[in-house]
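Reading through the structure tokens given below for one structure.
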2 protein chains.
Amino acid sequence: MTVGPGTPRSASVKDVAAAAGVSLGTVSNVLNRPDRVSDATRRRVEQAMAELGFVRNESARQLRAGRSHTLAYVMLDAGNPFFTDVAAGIELAAEAAGLALFLCNSDSRIEREASYLTHLEQQRVQGILVTPVDPDAASLVALAQRGTPVVVVDRVRREQALCSVAVDDVLGGRLAVEHLIDRGHRRVAFVGGPPTIGQVRDRLDGARKAWAEAGLPGKDLLVVSSSALTVAEGRSAGARIAGLTARRRPTAAFCANDLVALGLLQQAIRSGWRIPDDLAIVGYDDIDFAEAAAVPLTSVRQPRHELGRMAAELVLDESGNPEHEHQQVVFQPELVARASTLG
Amino acid sequence: MTVGPGTPRSASVKDVAAAAGVSLGTVSNVLNRPDRVSDATRRRVEQAMAELGFVRNESARQLRAGRSHTLAYVMLDAGNPFFTDVAAGIELAAEAAGLALFLCNSDSRIEREASYLTHLEQQRVQGILVTPVDPDAASLVALAQRGTPVVVVDRVRREQALCSVAVDDVLGGRLAVEHLIDRGHRRVAFVGGPPTIGQVRDRLDGARKAWAEAGLPGKDLLVVSSSALTVAEGRSAGARIAGLTARRRPTAAFCANDLVALGLLQQAIRSGWRIPDDLAIVGYDDIDFAEAAAVPLTSVRQPRHELGRMAAELVLDESGNPEHEHQQVVFQPELVARASTLG
DNA sequence: AGGTCGGATTGAAAGGTTTCAACTCAATGC
DNA sequence: GCATTGAGTTGAAACCTTTCAATCCGACCT
């Protein structure tokens with residue numbers, strides 16, 4: 001009945017077959033093609049399974065079948081709500097396809113990312129979604145070429161060797177700055193860095209384009225660079241802005257992500273500034289905490305769920321469709337205006 | 001050399017053995033006991049592996065060995081920073097033990113939790129950590145009895161059938177309210193719910209004990225209940241507090257978690273209150289966003305990393321040590337005082 | 001020369017599942 | 001009464017790795 005502690009390893013189909021007085025092929029049929037088995041036999045087998053506490057051995061199953069029932073997402077930072085929201089989108093698609101989704105957190109460490117990718121490849125997972133530390137790494141292509149479907153999430157790859165799903169960051173930067181120009185700002189700071197991050201470069205790029213197209217002088221779009229996209233760095237940027245002379249001080253700031261924007265907002269409030277009268281702020285990502293900030297944050301929203309869902313669909317297509325062709329999907333961001341710029 | 005797309009399933013030890021002109025036992029030795037193989041042979045085998053793009057098949061390995069190199073954490077809500085921090089602690093211990101950690105998000109849905117637990121059991125993972133939707137479910141004990149080590153995280157179990165790791169929530173509630181009493185508050189609101197959540201009950205319990213021990217009248221500790229522990233619910237609670245008459249309105253609020261506290265804080269600022277002069281606020285969990293709030297939040301800190309690390313160590317002990325005994329570990333929380341109560 | 005030792009290598013067996021060609025047997029058709 | 005049908009059942013083979021007892025062989029000893 002119940003199995004005491006220290007029991008030998010769990011029952012196998014063979015044991016079940018013996019207990020039910022059938023062959024092991026029949027047990028397998030009960031599991032995989034119940035319609036081919038007579039009702040009486042099926043019931044007998046099911047009862048034997050229950051009594052023995054039979055648990056299918058997925059390893060053996062996978063070994064035989066060659067494929068698993070699992071998808072994995074190797075994320076850059078499980079602590080950043082943006083990525084967990086992307087993961088939620090992936091999960092939706094995985095669930096619909098009847099697959100389990102395992103999340104792995106590389107925490108931006110390249111050796112941990114590599115270790116997870118190896119582990120997942122050895123497990124023969126059905127597909128890997130990854131937001132890589134280095135989106136141009138050749139190891140990703142090699143991985144895909146050895147047969148595991150790979151989709152790059154939230155990073156664009158120049159070449160066509162892999163599927164990727166991303167959001168147009170140049171457009172996002174443009175939207176943010178056009179909004180600020182519309183609101184009458186003529187001296188604006190871009191806060192973010194380091195410039196090695198593709199996202200940061202692109203968002204700044206878009207900001208500059210919008211600025212130039214409005215005919216405004218480049219020197220009035222100043223860059224306040226940070227060493228990471230964190231709350232702490234946002235605060236420190238705020239302190240630097242406070243240190244500027246009144247003539248140079250910007251009337252608005254566009255931050256490379258919401259964490260930075262929240263830090264900046266916090267520092268601004270500490271300095272006694274009114275938001276947005278003394279300083280308007282635009283963030284990026286529109287994480288849930290953006291709306292919940294002391295002054296609700298205007299932010300550039302990315303379709304996070306869509307991003308995840310599309311990535312999952314691409315990886316499933318690559319895994320199941322022999323005519324699969326690699327695609328680079330780019331979504332459009334959208335500005336969500338709130339009190340931090342609207343007054 | 002490189003393997004084109006549409007290649008048949010990857011090379012096996014047998015293929016490597018053939019390519020290197022050795023037996024398959026030798027290939028296995030190169031992988032598992034390199035010291036037993038002569039240098040020349042080892043090099044030849046390694047080269048063959050590289051040329052064929054050999055990838056170990058973890059399923060076959062596991063099938064033979066009976067155990068995997070994986071731990072899993074089934075979390076209640078991947079979007080709550082508290083749980084991702086616990087996961088980070090688990091990861092530390094898993095990494096030290098040379099195991100991979102897979103995260104699964106049940107999203108508080110009982111059927112998804114069940115589906116993940118089944119999947120993980122079938123995969124024969126080395127251990128499962130879980131913050132369950134229902135900590136008293138019998139299915140967890142059954143799972144453990146069938147042979148998979150299980151540790152309950154952040155929930156206490158009455159009986160001794162399982163290991164569990166938690167933080168003393170009664171003490172946490174006590175600390176929060178004692179702090180408020182120390183700061184001179186004599187009318188305090190507890191904000192949180194629903195009371196079906198064990199944490200909520202315990203924290204309120206602790207609050208009441210501290211209140212009674214200070215000799216204060218029970219009616220001055222009012223309960224503002226919410227239907228979930230979210231930012232939105234915090235805002236709504238704030239609105240309800242604002243609606244109270246001046247005589248009844250509390251001078252301080254103790255929130256069941258930081259998300260609620262952040263919502264309340266936001267609403268309070270909108271109402272034009274000064275924090276903490278018009279309303280002091282204490283949160284719970286001390287998530288990173290608590291310190292980054294517009295008014296840095298006083299909060300009850302739980303040793304999140306420790307929680308995760310200890311849980312992982314218990315599950316490893318259960319998996320490796322035949323003399324393992326189930327333990328209920330309870331950590332002490334700690335109050336972190338910040339501007340939201342200190343003025 | 002004969003014997004011993006030990007490092008290096010071998011190959012069969014085991015682990016649990018799924019598949020599939022082959023088989024059984026009762027019912028149906030002629 | 002014999003052939004045909006088909007639903008139900010069977011068991012060997014395959015998937016890939018690891019282990020371990022057995023074997024090989026060159027070096028060393030007497």
Side-chain angles (χ1 to χ4, degrees), chain A residues 7-46 48-49 52-70 118-119 121-125 146-147, chain B residues 8-46 48-49 52-70 118-119 121-125 146-148:
Chain A
T7 307
R9 224 42 194 150
S10 59
S12 72
V13 275
K14 207 196 235 168
D15 303 322
V16 173
V22 298
S23 83
L24 93 201
T26 299
V27 177
S28 179
N29 280 335
V30 170
L31 288 167
N32 302 298
R33 297 176 219 72
D35 46 304
R36 288 209 196 151
V37 182
S38 73
D39 278 11
T41 312
R42 188 172 46 66
R43 267 194 298 275
R44 209 143 34 91
V45 171
E46 280 167 352
M49 285 184 182
L52 296 173
F54 170 75
V55 176
R56 243 183 187 172
N57 186 323
E58 180 69 22
S59 302
R61 223 182 150 198
Q62 214 171 290
L63 175 58
R64 182 70 232 267
R67 63 166 29 199
S68 78
H69 303 86
T70 306
T118 303
H119 195 84
E121 182 182 19
Q122 294 185 347
Q123 289 240 24
R124 304 288 194 274
V125 294
R146 283 192 301 266
Chain B
R9 224 41 193 152
S10 60
S12 72
V13 275
K14 206 197 237 169
D15 303 322
V16 173
V22 297
S23 81
L24 91 201
T26 300
V27 177
S28 179
N29 281 335
V30 170
L31 288 167
N32 301 299
R33 298 175 218 71
D35 46 304
R36 290 211 194 150
V37 182
S38 73
D39 278 11
T41 312
R42 189 173 43 69
R43 269 195 297 273
R44 209 142 34 90
V45 171
E46 281 167 350
M49 285 183 181
L52 295 173
F54 171 76
V55 176
R56 242 182 185 171
N57 185 323
E58 181 69 21
S59 302
R61 227 183 145 199
Q62 214 171 291
L63 175 58
R64 184 71 233 272
R67 63 166 29 201
S68 80
H69 303 85
T70 306
T118 303
H119 195 85
E121 181 181 20
Q122 293 185 348
Q123 289 241 25
R124 304 287 194 274
V125 294
R146 282 191 302 266
T148 306

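Letters A, B, ... are given to chains in the order of the sequence lines, protein chains preceding strands, and every chain is numbered from 1.
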> What does nucleotides 22-28 of chain D look like as a protein-contact string, B for base, S for sugar-phosphate only, - for none, at under 4.0 angstrom between heavy atoms?
Replying inline: -------

How many Å lie between [atom1] on [X] and [atom2] on [N], as a whole number?
X	N	atom1	atom2	result
B:K14	D:dT18	NZ	P	15 Å
B:R61	C:dA14	CZ	C1'	17 Å
B:R43	C:dA8	CZ	P	13 Å
B:Q62	D:dT18	CD	C1'	13 Å
B:R67	D:dT18	CZ	C1'	15 Å
A:L63	D:dA13	CG	C1'	13 Å
B:D15	D:dC15	CG	P	10 Å
A:E58	D:dC15	CD	P	19 Å

Using OP1 and OP2 only, check whether a side-chain N or O of [X] sits under 4.0 Å from [N].
X	N	answer
B:T26	C:dT10	yes
A:R56	C:dT18	yes
A:S38	D:dT9	yes
B:T41	C:dA8	no

>> Looking at every non-hydrogen atom in both residues, tell me the closest pair between B:R124 and A:S10 and how far apart they are.
In response: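 Closest pair (atom of B:R124, atom of A:S10, distance): NH2-OG, 3.1 Å.
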
> Which atom pair, heavy atoms only, marks the closest approach of B:L63 to A:S59?
Replying inline: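 Closest approach of B:L63 to A:S59, heavy atoms only: N-CB, 4.2 Å.
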
Given [options], identify the nucleotide with an atom nearest to the side chain of [X].
X	options	value
B:N57	C:dT18, D:dT17, C:dG16	D:dT17
B:S23	D:dT18, D:dT17, C:dG11	C:dG11
A:V22	C:dG16, D:dT10, C:dT18	D:dT10

Please enumerate all protein N or O atoms sitting under 3.5 Å from an N or O of nucleotides 19-21 of chain D, with distances to 0.1 Å.
from	atom 1	to	atom 2	distance (Å)
D:dT19	OP2	B:R33	NH2	2.6
D:dT19	O4'	B:R64	NH1	3.2

>> For A:S68, give me all partners under side-chain contact (heavy atoms from CB on, under 4.5 Å), at least two apart in sequence or on another chain.
In response: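 Checked A:S68 against side-chain contact (heavy atoms from CB on, under 4.5 Å); matches are A:Q62, A:T70, A:V125, A:Q126.
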
> Sequence neighbours excluded, which residues qualify as side-chain contact (heavy atoms from CB on, under 4.5 Å) partners of A:V27?
Replying inline: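 A:V27 satisfies side-chain contact (heavy atoms from CB on, under 4.5 Å) with A:V13, A:V16, A:A17, A:V22, A:V45, A:M49 once adjacent residues are dropped.
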
> Given axes from five pairs at either end, by how many degrees does the helix from C:dA1-D:dT30 to C:dC30-D:dG1 bend, rounded to 10°?
Replying inline: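 Helix axis angle between the two ends: 50°.
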
>> What's A:S12 touching, base or sugar-phosphate or nothing? Going by heavy atoms closer than 4.0 Å.
In response: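 Contact class for A:S12: sugar-phosphate only.
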
>> Just to be sure I understand the rule, does B:V37 reach a base, reach only the sugar-phosphate, or reach nothing, if contact means heavy atoms closer than 4.0 Å?
In response: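 Sugar-phosphate, backbone atoms only, no base.
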
Going by the rule side-chain hydrogen bond (donor to acceptor under 3.5 Å, both in side chains), which residues pair with [X] if we only count those two or more places apart in sequence or in a different chain?
X	result
B:E121	B:R146
A:R56	A:N32
B:S38	B:T41

> What salt bridge (Lys or Arg N to Asp or Glu O under 4.0 Å) pairs are there with at least one residue in residues 58-67 of chain B, not counting sequence neighbours?
Replying inline: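 Listed once each, the pairs are B:E58-B:R61.
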
> For B:R42, which residues count as a salt bridge (Lys or Arg N to Asp or Glu O under 4.0 Å) partner, sequence neighbours excluded?
Replying inline: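 Checked B:R42 against salt bridge (Lys or Arg N to Asp or Glu O under 4.0 Å); matches are B:D39, B:E46.
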
>> Holding to ring pair (Phe, Tyr, Trp, His ring centres under 6.0 Å), I want the full list of residues that pass it with A:H119, two or more places apart in sequence or in another chain.
In response: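 Partners of A:H119 under the ring pair (Phe, Tyr, Trp, His ring centres under 6.0 Å) test: B:F102.
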
>> Measuring from atom CG of B:L24 to atom CG of B:N29, what distance do you get when rounded to the nearest 0.5 angstrom?
In response: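 One gets 10.0 Å once the value is rounded to the nearest 0.5 Å.
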
